[in-house]
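Keep in mind that what you see is a predicted model, and the values were worked out from it rather than measured. Residue numbering restarts at 1 for every chain, and letters A, B, ... go by the order of the sequence lines.
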Amino acid sequence: MDQMIQRPRGTRDFAPDEMEKRRYIESLMRKEAEIFGFREIATPIFEHAELFTIKSGPGILEEMYAFKDKGGRELTLRPELTAPVMRFFVNELTDMPRPLKLYYMGPCFRYERPQSGRFREFYQFGAELIGAKNPESDAEIISLASSIMKKIGLRDYKVRIGHIGILRDILRKEGVEGENASLILQKLDKKMYDEARVVMEEKGMSEASIKEIIGITKISGQQSVLKELQSFKGEAKEYLSQVMEILEILGIENLLVDLGVVRGLDYYTGVVFEIEVPSLGAEKQVCGGGSYSLAELFGGEKVFSTGFAIGFDRTLIALEKQKIEIPKKRVDVYVIPLTEELRGKAFEITARLRSNEISTDVDLMRRSLQKNLKYAASIGVRYAIILGEREMEKNIVLLRDMDTGEQVPIAITELTEWLAHARGIAPEAAGGDTKKRLGGKLSRPSDAS
RNA sequence: GCCGGGAUGGGGUAGUCUGGUAUCCUGUGGGACUGUGGAUCCCUAGACCCGAGUUCAAAUCUCGGUCCCGGCCCCA
């Protein structure tokens with residue numbers, strides 16, 4: 001016991017109940033992405049560290065699981081998925097028809113201090129739409145992200161949409177670009193207006209522009225707030241209006257224009273958005289995205305893209321807080337032989353049911369009937385099949401409905417067919433009247449999955 | 001990197017202040033029970049996060065570490 005090996009800090013094990021829930025939510029996300037015409041891709045768990053330092057600077061090495069392999073290569077476990085996807089695109093997918101609509105799901109790793117909704121190994125679900133730069137593409141991406149949230153049953157989420165170009169344009173007019181602009185945007189993102197003001201003054205910006213910028217970042221509300229931007233009539237404003245219009249036509253809910261959404265990253269070029277669940281507290285952001293231009297950083301031509309990444313674990317926490325119901329998976333049948341001699345018969349029946357896609361468990365502990373029934377109940381099986389010598393002489397078994405306790409004899413030859421009906425599986429060998437024959441004898445659960 | 005709260009069988013807990021044989025619930029395995037109580041009763045196994053120190057004696061006190069929870073910093 002003392003020598004038990006602990007799981008590394010910030011990682012998790014997932015028990016069957018939890019995996020069932022995770023896979024279920026994941027499948028809803030995938031399904032939605034595919035309904036939108038996105039196709040799945042996967043990239044390696046580790047990459048050259050350079051892939052990420054190019055984009056974010058050498059400072060992030062501190063926050064990555066970076067290591068040298070036996071060939072002396074500087075590698076790292078991937079801290080996110082946008083860069084790998086763009087590398088993949090530049091390397092091998094540039095000749096695919098545009099726009100490319102890709103989605104992905106997988107583990108990422110960051111060497112950070114774990115806290116609520118924050119782990120060292122965490123999962124991201126994301127999508128990228130590559131090769132288009134127009135309002136409808138941004139709307140498509142935002143639409144997918146919010147549709148996923150809706151589909152999985154999340155309530156109380158807000159989609160905050162901004163446009164980083166509006167702020168960048170004003171800064172550019174004042175001659176502030178690159179690093180300096182990023183510094184200011186970072187402060188604004190955290191709503192540290194006083195500090196942002198100090199920096200802007202240092203960079204020699206006019207009082208009017210400073211006031212305007214701070215004013216703009218505070219603008220948030222329905223689409224109509226865009227009208228408040230009267231003094232500013234840039235392309236960006238028009239672009240954002242169009243995005244909002246399309247989203248409205250698409251019927252997307254919980255939208256909020258919020259020009260304070262900044263995302264302090266250099267490569268974001270236009271529309272940026274976040275989805276947050278306020279009840280989550282400090283780690284309330286469950287999704288972030290926007291349009292960007294990264295391909296040229298990895299040696300490709302300049303290609304505009306737009307995408308998002310959902311923090312899968314946080315999203316799950318949000319769903320758990322609102323006590324969402326996940327359909328429970330059940331094993332259909334548990335086969336119990338009453339004597340040693342019947343064990344072979346039990347496996348025979350088990351194999352036949354399994355080959356007909358009826359999920360079947362069989363006694364592997366040589367337990368008594370009572371213990372077996374108890375076990376069957378505790379694992380939540382739907383039907384128990386009891387094999388006894390008396391019935392076997394007549395080639396029948398006892399079929400027990402574990403929910404109701406009802407028990408009926410049934411011919412072995414009819415077992416598969418009957419269960420297939422009860423489960424809602426279309427039986428191969430038609431025989432549709434079997435259902436009619438036996439239908440009244442056992443109540444059939446309505447939640448057949 | 002910083003601040004706070006924690007860690008006792010698989011899960012949940014009592015005991016810790018005030019040092020002395022570790023409590024209860026639940027779950028696991030088995031039995032009563034050899035063909036039908038998913039009930040009941042019984043039995044078995046199973047823990048003081050790790051290391052050092054103080055002490056006749058440490059789950060308990062001291063120090064160091066690990067991990068968990070929450071909050072900062074950060075969040076590509």
Side-chain angles (χ1 to χ4, degrees), chain A residues 1-13 15 17 47 49 51-64 76-86 108-120 122 124 126 182 186 189-190 192 262-268 272 274 276 280-290 292 294 297 307-309 311 314 317 334 336-342 365-381 384-392 397-409:
Chain A
M1 236 30 185
D2 305 348
Q3 305 305 319
M4 258 214 300
I5 294 172
Q6 300 299 316
R7 143 169 59 77
R9 179 162 200 196
T11 62
R12 291 156 297 161
D13 297 312
D17 279 352
E47 294 271 1
L51 175 63
F52 303 102
T53 52
I54 281 181
K55 182 171 72 102
S56 312
I60 57 150
L61 276 171
E62 292 300 308
E63 283 157 9
M64 295 197 302
T76 184
L77 299 183
R78 62 192 187 190
E80 50 113 14
L81 283 163
T82 305
V85 169
M86 291 315 291
C108 297
F109 306 83
R110 292 184 191 176
Y111 192 84
E112 292 184 299
R113 181 167 188 93
Q115 54 183 283
S116 175
R118 214 159 145 174
F119 307 94
R120 287 184 168 178
F122 59 99
Q124 275 195 352
S182 298
Q186 266 174 30
D189 189 30
K190 285 168 215 151
M192 297 157 77
V262 165
R263 320 228 78 216
L265 291 167
D266 287 341
Y267 60 81
Y268 281 109
V272 287
E274 295 177 351
E276 57 179 49
L280 286 182
E283 311 293 335
K284 65 183 176 181
Q285 194 193 317
V286 296
C287 173
Y292 58 88
L294 267 180
L297 282 181
F308 66 83
R314 277 184 201 178
I317 291 172
Y334 182 65
I336 306 171
L338 286 180
T339 65
E340 228 167 281
E341 291 70 38
L342 288 170
M365 298 282 280
R366 307 185 176 191
R367 271 191 279 230
S368 68
L369 174 58
Q370 181 182 348
K371 294 280 181 191
N372 265 324
L373 286 174
K374 191 173 177 181
Y375 173 76
S378 70
I379 63 170
V381 149
I385 290 177
I386 302 166
L387 272 59
E389 275 165 358
R390 292 202 291 271
E391 290 81 5
M392 204 51 67
V397 295
L398 297 171
L399 179 68
R400 184 183 181 89
D401 184 319
M402 295 301 285
D403 294 332
T404 64
E406 265 184 277
Q407 189 169 299
V408 294

Query - Rounded distance in Å - CD (A:Glu283) to P (B:A76) - result: 11 Å
**Report entry** Test side-chain contact (heavy atoms from CB on, under 4.5 Å) applied to A:Gln407 and A:Ile386, step by step
**Finding:** CA-CA 10 Å; A:Gln407 189 169 299; A:Ile386 302 166; 3.9 Å; yes
Query raised in the report: Quantified in whole Å, what is the P atom distance between nucleotide B:C48 and nucleotide B:U21?
Result: 15 Å
Requested in this report: Could you please spell out the steps behind the side-chain contact (heavy atoms from CB on, under 4.5 Å) verdict for A:Met392 and A:Glu341?
Outcome: CA-CA 11 Å; A:Met392 204 51 67; A:Glu341 291 70 38; over 6 Å; no
Requested in this report: Using the P atom as the reference point in each nucleotide, state the distance between B:U23 and B:G31 in Å, no decimals.
Outcome: 27 Å
Query raised in the report: Below 4.5 Å, heavy atoms only, C-beta onward: do A:Pro114 and A:Phe119 meet side chain to side chain?
Result: no
Query - P atoms of B:C3 and B:G65, separation to the nearest Å - result: 12 Å
Query raised in the report: Between A:Pro79 and A:Gly10, which has a closest nucleotide on RNA chain B that is more 5'?
Result: A:Gly10
Requested in this report: Select one nucleotide: of B:C68, B:G30, B:U36, the one nearest the side-chain heavy atoms of A:Leu369.
Outcome: B:U36
Query - Distance between P atoms of B:C43 and B:G51 (Å, rounded) - result: 34 Å
Query raised in the report: Rounding to a whole Å, what distance do you find between A:Lys374:NZ and B:A32:P?
Result: 15 Å
Query raised in the report: Could a donor-acceptor pair under 3.5 angstrom be found where the side chain of A:Arg118 meets the base of B:C74?
Result: yes
Query raised in the report: Can you tell me how far the CE atom of A:Met86 sits from the CG atom of A:Leu294, to the nearest 0.5 Å?
Result: 6.0 Å
Query raised in the report: A:Ser116 side chain N/O closer than 4.0 Å to the phosphate oxygens (OP1, OP2) of B:G70?
Result: yes
Query raised in the report: Tell me: CZ of A:Phe109 to C1' of B:C75, nearest whole Å?
Result: 17 Å
**Report entry** Distance in angstrom units between A:Asp401 CG and B:U36 C1', rounded
**Finding:** 15 Å
**Report entry** Residue pair A:Tyr375 / A:Arg367: nearest heavy atoms and the distance that separates them
**Finding:** CD1-NH2, 3.3 Å
**Report entry** A:Arg400 (side chain) and B:U36 (base): donor-acceptor pair under 3.5 Å
**Finding:** yes
Query raised in the report: When the P atoms of B:G5 and B:U62 are considered, how many whole Å apart are they?
Result: 13 Å
Report summary line: Closest non-hydrogen atoms of A:Met64 and A:Tyr111, given as atom of the first, atom of the second and distance, are O-CB, 4.1 Å
Query raised in the report: In B/S/- notation, 5' to 3', how is nucleotides 3-8 of chain B contacted by protein heavy atoms closer than 4.0 Å?
Result: B-----
Report task. Calculate the interatomic distance between A:Leu373 atom CG and B:G35 atom C1'; express it in whole Å. Result -> 11 Å
Query raised in the report: Can you find a donor-acceptor pair, distance only, under 3.5 Å between A:Glu391 side chain and B:G35 base?
Result: yes
Query raised in the report: Which whole number of Å gives the distance between the C1' atom of B:U60 and that of B:G27?
Result: 28 Å
Report summary line: Sorted by position of nearest nucleotide on RNA chain B, 5' first, the leading residue of A:Ser378 and A:Gln285 is A:Ser378
Query raised in the report: Residues two or more places apart in sequence or in another chain: which of them pass salt bridge (Lys or Arg N to Asp or Glu O under 4.0 Å) with A:Arg120?
Result: none
Report task. Take A:Glu389 and A:Leu338, measure what side-chain contact (heavy atoms from CB on, under 4.5 Å) needs, and give me the verdict at the end. Result -> CA-CA 8 Å; A:Glu389 275 165 358; A:Leu338 286 180; over 6 Å; no
Query raised in the report: If you look at every strand shown and take non-hydrogen atoms under 4.0 Å, does A:Arg367 touch a base, only sugar-phosphate, or nothing?
Result: sugar-phosphate
Query raised in the report: In whole Å, what separates the P atom of B:A7 from that of B:G46?
Result: 24 Å
Requested in this report: To the nearest Å, give me how far apart CD (A:Gln370) and P (B:U34) are.
Outcome: 9 Å
Query raised in the report: If you write RNA chain B from 5' to 3' in dot-bracket form, with Watson-Crick or G-U pairs under 3.5 Å, [ ] for crossing pairs and | for pairs with another strand, what do you get?
Result: (((((((..(((.......[...)))..((((.......)))).....(((((..]....))))))))))))....
**Report entry** Residue A:Arg366 excluded, over 12 heavy atoms near CZ under 6.0 Å
**Finding:** no
Requested in this report: Please determine if A:Lys284 and A:Glu276 form a salt bridge, counting it only when a charged side-chain N lies under 4.0 Å from a carboxylate O.
Outcome: yes
Report summary line: A:Met365 CE to B:G30 P, in whole Å, measures 5 Å
**Report entry** Side chain of A:Ile60 (C-beta onward), nearest among B:U36, B:G30, B:A76
**Finding:** B:A76
Requested in this report: Determine, step by step, whether A:Tyr334 and A:Met402 satisfy the side-chain contact (heavy atoms from CB on, under 4.5 Å) criterion, reporting the C-alpha distance in whole Å, the side-chain angles of both residues, the deciding distance to 0.1 Å, and the verdict.
Outcome: CA-CA 10 Å; A:Tyr334 182 65; A:Met402 295 301 285; over 6 Å; no
Report task. Could you tell me the separation between the CZ atom of A:Arg120 and the P atom of B:C68, rounded to a whole number of Å? Result -> 8 Å
Query - Same-atom distance (P) from B:A57 to B:G19, integer angstrom - result: 15 Å
